[in-house]
S.K.: 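I am attaching a structure below and will ask some questions about it afterwards.
No experiment lies behind these values; they were computed from the predicted model shown. FYI, side chains are in, hydrogens and waters are out, and symmetry mates aren't considered; it's all heavy atoms of this structure. First listed ligand is number 1; within each ligand, the first listed atom is number 1.
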Amino acid sequence: MKYHSKAYACIHVLEDRKPVLLLCRVGGHFQFLCGGDHLSSDGRVIGVGHIIDADPSLKPLLDLTDGDEAERSGPGSPWITKRSS
Ligand SMILES: [Zn+2]
């Protein structure tokens, strides 16, 4: 995973209003989401490194393979990985 690989984040995560609670990989791209409801206009394209710098604890999750997702109930809670397929 390259630092500047394209990823998506919801605006809540990007503006630091909410922690990342849901991470999924779709079509090879990571999506960093707060787990709340979103409008299509809430999504932003970012570099993976931007999010990892903000929360280095997310780094191990970059091992997710395409179609997987990981969820946690709050910051500091363990991530639960599940395969969506
Ligand atoms: Zn959000």
S.K.: Using side chain to side chain contact (heavy atoms under 4.5 Å, CB included) as the criterion, list what pairs up with L14, not counting sequence neighbours.
M.R.: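 Side chain to side chain contact (heavy atoms under 4.5 Å, CB included) check on L14 returns A9, R44, I46, H50.
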S.K.: Find out if a path of hydrophobic residues (ILVMFWY) with successive side-chain heavy-atom gaps under 4.5 Å connects L33 to L58.
M.R.: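 Different clusters: L33 never reaches L58 through Ile, Leu, Val, Met, Phe, Trp or Tyr contacts under 4.5 Å.
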S.K.: Tell me, which pairs form a side chain to side chain donor-acceptor pair (under 3.5 Å) where one or both residues lie in residues 32-43, sequence neighbours left out?
M.R.: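 Pairs touching residues 32-43 that pass the test: H12-H38.
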S.K.: For D68, is there an ion pair with R83 - N to carboxylate O distance below 4.0 angstrom?
M.R.: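 Yes, charged N to carboxylate O under 4.0 Å.
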S.K.: Report the protein N/O/S neighbours of the Zn ion (ligand 1) that fall below 2.8 Å; do not count waters.
M.R.: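 Checking every protein N, O and S atom gives C10 SG, H12 ND1, C34 SG, H38 NE2.
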S.K.: Give the C-alpha distance, both sets of side-chain angles, the deciding distance and a yes or no for side chain to side chain contact (heavy atoms under 4.5 Å, CB included) between I51 and V13.
M.R.: CA-CA 9 Å; I51 290 281; V13 165; 3.8 Å; yes
S.K.: Please identify each residue that fulfils side chain to side chain contact (heavy atoms under 4.5 Å, CB included) with L21, with sequence neighbours left out.
M.R.: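 Result, side chain to side chain contact (heavy atoms under 4.5 Å, CB included) vs L21: P19, R72, P75.
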